[in-house]
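Single-structure report; data block below.
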Amino acid sequence: MSETFDNRKPFAETLIELAASDERIVAVCNDSVGSSSLGGFRDAYPDRLINVGIAEQNMVGVAAGLAATGLIPFVCSAGPFLTGRATEQIKADIAYSGHKVILCGMSPGMAYGELGPTHHSVEDLSWMRALPGLDIAVPADPRQTRQALEALVAEPRGTYLRIGRHKVPSVTTAADTWQRGKFNTVRDGQDVTIIGLGTTVSRTIEAAELLAADGVDARVLNAAWISPLDTEAIIAAAEETRAIVVAEEANVAGGLGAAVAQVVAQLGIGTKVIPIGLSEFAPTGSTDWLLEHFGLTGENIARVAREAL
């Protein structure tokens with residue numbers, strides 16, 4: 001089995017490394033030092049960690065104020081509470097006001113497992129996609145997590161960044177670049193396109209391997225960016241392959257699949273777009289069990305792709 005990684009660890013390590021050479025970097029959290037893996041940052045830079053307590057709206061407002069003074073705030077909070085409790089502040093103080101705050105949704109998707117829908121962050125992509133002026137990025141592995149932080153420190157902008165907790169294997173190589181608004185092509189193919197993001201990228205690769213055994217040539221795209229959206233890659237997939245399957249650890253109403261379907265519908269060529277994700281509140285269970293329950297496995301993704309063809 002391939003080694004797997006919790007992306008919070010490279011996030012925390014990279015943030016500390018970048019802060020050593022850039023005094024503008026600060027971290028803001030909501031009593032989440034432990035769950036955001038900020039213990040090392042707190043120890044290294046105690047004066048640059050602002051813990052507002054369990055007050056998510058204040059947390060975003062404070063970060064906007066810090067950004068207005070020229071600092072680079074990384075706001076770290078569990079995805080459901082950051083995006084759900086502070087949506088108005090994200091809209092008004094970050095997206096509309098243009099403040100360069102990096103909103104780090106920690107442990108997104110169903111990473112909290114048995115804690116249930118109150119702690120699952122599956123609506124976040126739908127909510128954040130509705131806000132103009134806000135980037136949305138989903139690093140798939142440790143390499144992309146580091147690349148995302150380095151890019152955002154070099155060129156800060158209002159961004160919602162999903163930082164995964166559920167362990168995933170490495171899916172990128174040194175040849176894969178981190179470019180704003182661009183997907184990575186993991187595997188080329190001409191029959192069907194499978195798009196994954198974050199946790200699901202490794203599962204789309206597994207699906208492509210299963211399809212290859214059946215003689216089906218699957219293209220695999222890693223959707224590291226949702227906003228700006230890589231419309232060029234989506235249009236190419238719609239024109240060059242016969243169907244597009246999107247696997248996302250998110251609600252399909254307004255998520256990545258909906259974004260892809262909108263682009264394809266405007267082409268008017270009739271290419272099928274089939275999202276796999278959530279359309280209901282999750283039952284109680286471990287993260288692995290929940291991913292299987294909602295069909296986010298290599299076997300089911302391959303099955304859906306076969307049926308689409």
Side-chain angles (χ1 to χ4, degrees), residues 7-8 11-12 15-16 18-19 23-138 149 152-153 156-165 250-251 281:
N7 281 337
R8 293 176 304 168
F11 168 84
L15 191 62
I16 293 170
L18 292 170
E23 295 183 352
R24 298 175 299 165
I25 295 174
V26 295
V28 187
C29 69
N30 60 331
D31 199 26
S32 58
V33 173
S35 60
S36 296
S37 298
L38 290 174
F41 187 93
R42 175 198 57 200
D43 296 342
Y45 308 107
D47 296 334
R48 292 157 67 180
L49 173 67
I50 299 94
N51 187 346
V52 304
I54 303 175
E56 288 78 11
Q57 295 92 337
N58 289 342
M59 175 178 66
V60 174
V62 166
L66 293 169
T69 70
L71 298 177
I72 304 175
F74 283 80
V75 177
C76 302
S77 170
F81 309 135
L82 172 60
T83 59
R85 291 181 176 176
T87 304
E88 181 183 357
Q89 285 69 31
I90 294 171
K91 171 188 172 181
D93 296 347
I94 310 301
Y96 174 70
S97 299
H99 285 127
K100 299 174 181 179
V101 174
I102 296 93
L103 302 161
C104 305
M106 314 300 289
S107 307
M110 298 179 287
Y112 278 111
E114 292 91 340
L115 293 181
T118 59
H119 283 60
H120 295 165
S121 183
V122 295
E123 306 88 356
D124 55 344
L125 301 181
S126 304
W127 292 337
M128 297 298 99
R129 272 192 66 229
L131 299 177
L134 185 72
D135 284 6
I136 304 172
V138 187
L149 266 64
L152 287 169
V153 168
R157 61 179 69 248
T159 303
Y160 177 59
L161 190 65
R162 262 189 171 200
I163 302 297
R165 169 180 181 157
N251 196 315
F281 290 121

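Being a predicted model, the structure only gives us computed values, none of them experimental. Just so it is clear, the values below take in all heavy atoms, side chains as well, and ignore hydrogens, waters and symmetry mates. In this chain, numbering begins with 1 at the start of the sequence shown.
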* Asked: Testing D135, V75, V138, D124 for side chain to side chain contact (heavy atoms under 4.5 Å, CB included) with Y160, which one passes?
  ->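 Exactly one pass, corresponding to D124.
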What distance do [X] atom [atom1] and [Y] atom [atom2] have between them, rounded to the nearest 0.5 Å?
{"X": "L131", "Y": "K91", "atom1": "CG", "atom2": "NZ", "result": "8.0 Å"}
{"X": "E56", "Y": "T83", "atom1": "CD", "atom2": "OG1", "result": "10.0 Å"}
{"X": "S77", "Y": "R85", "atom1": "OG", "atom2": "CZ", "result": "8.0 Å"}
{"X": "L82", "Y": "Q89", "atom1": "CG", "atom2": "CD", "result": "10.5 Å"}
{"X": "F74", "Y": "F41", "atom1": "CZ", "atom2": "CZ", "result": "9.0 Å"}
{"X": "M106", "Y": "S121", "atom1": "CE", "atom2": "OG", "result": "12.0 Å"}

Examine distances only and state if a side-chain atom of [X] and a backbone atom of [Y] form a donor-acceptor pair shorter than 3.5 Å.
{"X": "H120", "Y": "G113", "answer": "yes"}
{"X": "N51", "Y": "D31", "answer": "yes"}
{"X": "T159", "Y": "I102", "answer": "no"}
{"X": "R48", "Y": "I25", "answer": "yes"}

Of all the heavy-atom pairs spanning [X] and [Y], show the shortest one and how long it is.
{"X": "C76", "Y": "S32", "answer": "O-OG, 3.1 Å"}
{"X": "E23", "Y": "L71", "answer": "O-CD2, 4.3 Å"}
{"X": "P73", "Y": "A63", "answer": "CG-O, 3.3 Å"}
{"X": "S107", "Y": "R165", "answer": "OG-CD, 3.1 Å"}
{"X": "A95", "Y": "P132", "answer": "CB-O, 3.3 Å"}
{"X": "G40", "Y": "I16", "answer": "C-CD1, 3.6 Å"}

* Quick one: do L103 and L134 satisfy side chain to side chain contact (heavy atoms under 4.5 Å, CB included)? Show the steps, please. => CA-CA 10 Å; L103 302 161; L134 185 72; 4.2 Å; yes
With a 4.5 Å heavy-atom cut-off, do [X] and [Y] have their side chains touching?
{"X": "P80", "Y": "T118", "result": "no"}
{"X": "R162", "Y": "L125", "result": "yes"}
{"X": "L66", "Y": "I50", "result": "yes"}
{"X": "Y45", "Y": "L15", "result": "no"}

* Count the heavy atoms belonging to other residues, nucleotides or ligands that lie under 6.0 Å from CD1 of I54, then report whether that count exceeds 12. =>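 It does not: I54 CD1 has 12 such atoms or fewer within range.
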